[in-house]
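Index from 1, following the sequence.
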Amino acid sequence: QVQLVESGGGLVQTGGSLTLSCAASESIFRFNGMGWYRQTPGHQRELVAVISSGGNTNYEGSVKGRFTIARDNAKNTVYLQMNNLKPEDTAVYYCNAFKDRLNYWGQGTQVTVSS
């Protein structure tokens, strides 16, 4: 069973930065891709950023230029560097990995941006 463990969430002021980490229990080379999603109460989980096994990235429009997704294959870890954070970025952030038509999720980490 794949396990994904997120860390790095917390409380930050508007304009601040945070880096989220997602450590996988197996080699991330085995995944077709990995990504970060976020969810707020009463809303569906939305894709924030994704990185393919080949290193191609894609971002949700509101985070382009502010967030960066990256992977460290040696550490089986994916990161989400978040800069210039805004109150609307407040959410629970989830790490996702997908392979063979299956999705795996972490437990989520809270990010709160105060105004």
Nonpolar side-chain network containing Val50, other nodes, edges under 4.5 Å: Tyr37, Leu47, Val92, Tyr94, Phe98, Trp105

Backbone of Gly9 reached by a side-chain donor or acceptor of Thr109 within 3.5 Å: yes

Approximate separation, where rounding is to 0.5 Å, of Asn56 CG and Ile69 CD1: 11.5 Å

Atom CD of Gln39 with >12 non-hydrogen neighbours under 6.0 angstrom: yes

Residue pair Ser114 / Gln13, side-chain donor-acceptor N/O under 3.5 Å: no

Any donor-acceptor N or O pair under 3.5 Å, side chains Thr90, Glu88: no

Exercise: identify the closest heavy-atom pair between Ile28 and Asn76: N-OD1, 3.3 Å

Heavy-atom closest pair, residues Cys22 and Leu4: SG-CB, 3.9 Å

Polar side-chain atom of Arg30 near backbone of Lys99 as donor-acceptor pair, under 3.5 Å: no

Check: Asn32 and Ser53 side chains under 4.5 Å, non-hydrogen atoms: no

Verdict with supporting geometry, Tyr59 and Thr57, side chain to side chain contact (heavy atoms under 4.5 Å, CB included): CA-CA 7 Å; Tyr59 298 91; Thr57 59; 3.7 Å; yes

Shortest non-hydrogen separation from Asn83 to Gln81 and the atoms involved: OD1-NE2, 2.8 Å

Flag for Thr77-Asp72: side-chain donor and acceptor within less than 3.5 Å: no

Side-chain donor/acceptor of Arg66 to backbone N/O of Asn84, under 3.5 Å: yes

Leu18 and Tyr93, any side-chain heavy atoms less than 4.5 Å apart: no

Donor-acceptor pair, side chain of Glu6 and main chain of Gly108, under 3.5 angstrom: yes

Test side chain to side chain contact (heavy atoms under 4.5 Å, CB included) applied to Thr19 and Leu80, step by step: CA-CA 6 Å; Thr19 301; Leu80 185 67; over 6 Å; no

Hydrophobic cluster membership, Phe29 vs Tyr104, 4.5 Å side-chain cutoff: no

Check: His43 main-chain N/O paired with Thr40 side-chain donor or acceptor under 3.5 Å: no

Side chain to side chain contact (heavy atoms under 4.5 Å, CB included) between Trp36 and Leu20, worked out: CA-CA 9 Å; Trp36 289 94; Leu20 305 182; 3.6 Å; yes

Side-chain donor/acceptor of Tyr79 to backbone N/O of Thr68, under 3.5 Å: no

Non-hydrogen side-chain atoms of Val111 and Met82 separated by less than 4.5 Å: yes

For the student: nearest non-hydrogen atoms of Ser52 and Arg71, plus distance: O-NH1, 2.8 Å

Working for side chain to side chain contact (heavy atoms under 4.5 Å, CB included), residues Glu26 and Phe31: CA-CA 9 Å; Glu26 61 183 70; Phe31 303 123; 3.9 Å; yes

